[in-house]
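One structure is given here, and the rest of the page talks about it.
Labels below follow one simple rule: chain letters A, B, ... track the order of the sequence lines, proteins then strands, and each chain is numbered from 1. Just so it is clear, the structure is predicted and the values come from calculations on it, not from any experiment.
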Amino acid sequence: MTQTSKIDIKGLNFYYQQKQVIKELNLELPKNRITAVFGPANSGITTLLRTLNRLSDLTVGARHEGEILLDGKNIFDPDVNVTELRRRVGMVFDVPTSLPMSIFDNVALGPRMGGMKSKSAVAEEVEKALRMSALWDDVKDRLDTPAARLSGGQQQRLCIARVLALEPEVILLDRPCSALDPISTAKIEESLMQLKEQYTIIIAPHTVQQAGRIADRVAFMLMGDLIEQGYTQEVFSFPKDNRTNDYLTGRFG
Amino acid sequence: MRINAKTSEKIAKCLIWTAALLVIAILFSIIAHILIKGIPMISWQFLTDIPRDMGRSGGISSSIVGTLIVTAVAVIVATPFGIGTAIYLTEYTRESRVTRIIRFSAESLAGIPSIVYGLFGFIFFVIYLKMGWSILSGGLTMAIMILPTIIRTSEEAIRTVPQLYREVGFSLGLTKWQTITRTVLPSALPGIVNGVILSIGRCVAETAAVILTAGSALRMPTSIFSPTRTMAVHFYILAREGISMDNAYGTAALLIILILLLNVGFNMLVNRFIAKGR
Ligand SMILES: Nc1ncnc2c1ncn2[C@@H]1O[C@H](COP(=O)(O)OP(=O)(O)OP(=O)(O)O)[C@@H](O)[C@H]1O
Ligand SMILES: [Mg+2]
């Protein structure tokens with residue numbers, strides 16, 4: 001790979017109790033690129049994303065083997081500060097989950113808890129994040145209203161803004177458009193294309209088509225195995241593995 | 001003889017309605033009776049004067065103050081411990097023998113008659129710690145009495161907070177404590193407040209345990225070390241010793257109004273808080 005990699009996954013195995021859901025995974029995620037990890041249900045994609053910022057630590061009975069290097073440093077090293085890691089590697093869940101507070105407070109929570117004291121700095125950060133997630137124009141006149149009143153698409157963009165406000169280096173997106181209409185989806189995809197200038201983005205796409213539209217690189221996972229990876233055009237036009245081909249042509253999944 | 005489904009449905013409906021109406025009628029007539037007899041007794045003097053001639057004349061201002069402060073002490077002491085225990089049980093431990101023991105103890109404590117707490121408070125606070133009959137002894141005893149309720153209601157409220165809120169908190173780089181205080185507790189607040197309101201009701205209504213620990217002095221309390229006679233106790237003594245049924249009714253009516261006001265006030269506070277978030 002010519003690109004410098006931001007994250008380098010080496011020999012990752014992941015288990016829930018006895019059940020192995022990620023098998024001997026090796027994958028490099030290049031900096032300032034969008035990588036889409038796709039595959040049929042239960043392939044372990046959500047698990048993989050949750051492992052990248054160690055949210056998997058919260059799951060009782062989960063364990064892993066192998067290394068995940070972030071800028072060359074293993075995130076599982078005992079001296080790694082997990083809360084700092086999660087600020088560097090932000091995550092957007094597949095279910096849009098706004099917290100029961102105002103729109104402003106939702107986005108401001110991360111910066112505030114991270115120690116940002118000045119009110120004006122927080123407000124600036126919130127505005128910046130909302131603009132980047134293409135939500136600002138929708139909500140700028142009602143920042144104090146409860147976030148729960150936003151539509152599904154707006155809530156998902158709020159979740160993206162909430163992560164952007166952390167000024168992360170990597171953004172993990174788990175099917176960010178699964179609850180959205182085509183227009184909201186297009187808006188989010190457009191934002192992502194711009195965001196990759198500054199961030200490294202890893203997305204579990206809603207559909208294969210979505211991966212084709214926005215991803216620079218793709219990785220195909222099947223039942224915990226990484227079957228194939230490479231540049232989007234190459235994998236989509238000339239899949240090397242039959243199973244990739246079958247999945248792309250809709251013959252199973 | 002077999003009754004068809006429609007008929008049995010009708011009979012059941014009828015019985016349920018009768019039961020509900022009966023309960024409401026009984027409750028309503030008790031409250032109406034007390035308010036009708038009591039409200040005419042409530043005057044400016046009744047509210048602001050201390051009891052005179054054993055309560056035959058004068059007002060009940062010292063009892064109002066005593067009731068409010070004993071209850072305040074109990075709630076201020078018990079709430080942090082109760083919420084803390086609930087947080088420990090829900091967020092910091094897994095189900096284990098220890099959590100089961102704590103939960104079992106809390107549940108057993110909730111079922112113990114209040115006079116037992118009164119006796120404990122009398123022996124421990126009043127005599128052993130030499131705090132005498134005082135607002136402090138009474139308040140602390142009430143605190144122990146309501147603690148199990150607060151633990152249980154808080155625990156239930158915290159358990160119903162969606163797991164996703166916690167994950168969002170952690171995923172935004174919040175520490176465990178920040179996640180709990182910023183995402184979990186605000187969502188659990190209405191349930192927690194409900195438990196506190198229930199507990200306030202129990203403190204305000206308590207008699208036996210308060211007589212044993214806070215005494216029954218009629219003087220206006222000057223500090224939390226003064227003895228006092230709460231409204232429920234005053235009412236009990238007035239009625240039982242036949243001192244003044246009129247003033248007993250007045251006290252009871254005020255007690256009911258006080259509890260109603262507290263309920264409404266707290267609910268308004270919570271609703272205002274929730275309105276900001278939902
Ligand atoms: N907390 C858990 N405990 C036990 N098993 C789990 C847990 N979470 C996921 N699994 C199992 O691990 C496997 C992979 O799940 P995961 O959610 O990572 O897949 P996915 O590729 O994201 O699937 P989907 O397309 O449905 O989102 C599944 O078989 C799932 O049932
Ligand atoms: Mg998933």
Side-chain angles (χ1 to χ4, degrees), chain A residues 46 49-50 52-61 81-115 129 144-150 155 158-159 161-168 171-172 174, chain B residues 83 86-100 154-194 266-278:
Chain A
T46 298
L49 295 184
R50 289 170 60 90
L52 293 179
N53 68 356
R54 288 183 58 180
L55 267 185
S56 52
D57 290 7
L58 305 179
T59 308
V60 177
N81 178 338
V82 183
T83 56
E84 197 196 296
L85 169 71
R86 291 183 185 142
R87 305 179 72 81
R88 291 176 65 194
V89 184
M91 169 129 188
V92 177
F93 300 92
D94 50 356
V95 187
T97 308
S98 59
L99 295 169
M101 47 179 91
S102 73
I103 295 170
F104 185 92
D105 288 343
N106 260 278
V107 184
L109 184 64
R112 279 179 182 151
M113 294 295 102
D144 289 331
T145 56
R149 292 202 200 132
L150 295 174
Q155 290 207 32
L158 181 74
C159 295
R162 208 163 49 188
V163 167
L164 292 176
L166 299 171
E167 308 221 333
I171 305 176
L172 312 171
D174 194 358
Chain B
I83 298 179
I87 291 175
Y88 172 77
L89 285 175
T90 50
E91 308 288 326
Y92 282 93
T93 50
R94 288 196 210 137
E95 274 308 300
S96 68
R97 179 168 296 182
V98 180
T99 59
R100 277 196 293 275
S154 304
E155 195 190 339
E156 259 161 51
I158 292 173
R159 272 193 203 289
T160 57
V161 175
Q163 185 61 24
L164 262 172
Y165 286 4
R166 297 181 179 87
E167 300 220 327
V168 167
F170 285 117
S171 77
L172 293 176
L174 271 57
T175 60
K176 182 152 198 173
W177 182 242
Q178 288 174 331
T179 299
I180 291 169
T181 52
R182 300 302 157 139
T183 72
V184 177
L185 287 186
S187 320
L189 191 72
I192 294 175
V193 169
N194 235 338
F266 265 104
N267 274 321
M268 265 165 48
L269 261 175
V270 171
N271 286 339
R272 182 170 305 171
F273 178 85
I274 293 173
K276 269 167 78 186
R278 283 168 219 202

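Here B:Leu174 contributes atom CG and A:Arg112 contributes atom CZ; the two are 12.0 Å apart, rounded to the nearest 0.5 Å. Distance check, rounded to the nearest 0.5 Å: CD of B:Gln163 to OG1 of A:Thr97 gives 11.5 Å. Interatomic distance, B:Ser171 OG to A:Arg54 CZ, rounded to the nearest 0.5 Å: 15.0 Å. Atom CZ of A:Arg87 sits about 8.5 Å away from atom CG of B:Leu172, to the nearest 0.5 Å. Atom-to-atom distance recorded for B:Gln178:CD and A:Thr83:OG1 is 8.0 Å, nearest 0.5 angstrom. With rounding to the nearest 0.5 angstrom, the CE atom of A:Met101 is 7.0 Å from the OG1 atom of B:Thr183.
When all heavy atoms of B:Phe170 and A:Arg86 are compared, the closest pair comes out as O-CD, 3.1 Å. Closest non-hydrogen pair, A:Pro100 versus B:Tyr165, comes out as CD-CE2, 3.4 Å.
Only the side chain of A:Val60 comes within less than 4.5 Å of a heavy atom in chain B; its backbone stays farther off. Contact of B:Arg94 with chain A is made through the side chain alone, with heavy-atom distances under 4.5 Å.
The residue among A:Val163, A:Val89, A:Val95, A:Leu58 with the most heavy atom pairs within less than 4.5 Å of chain B is A:Leu58. Contacts with chain B were tallied for A:Arg88, A:Met113, A:Glu84, A:Met91; A:Met113 has the most, counting heavy-atom pairs under 4.5 Å.
Under the 4.5 Å side-chain criterion, counting only non-hydrogen atoms from C-beta, B:Val168 is not in contact with A:Leu109.
The number of heavy-atom neighbours closer than 6.0 Å to CZ of A:Arg50, taken from other residues, nucleotides and ligands shown, is above 12.
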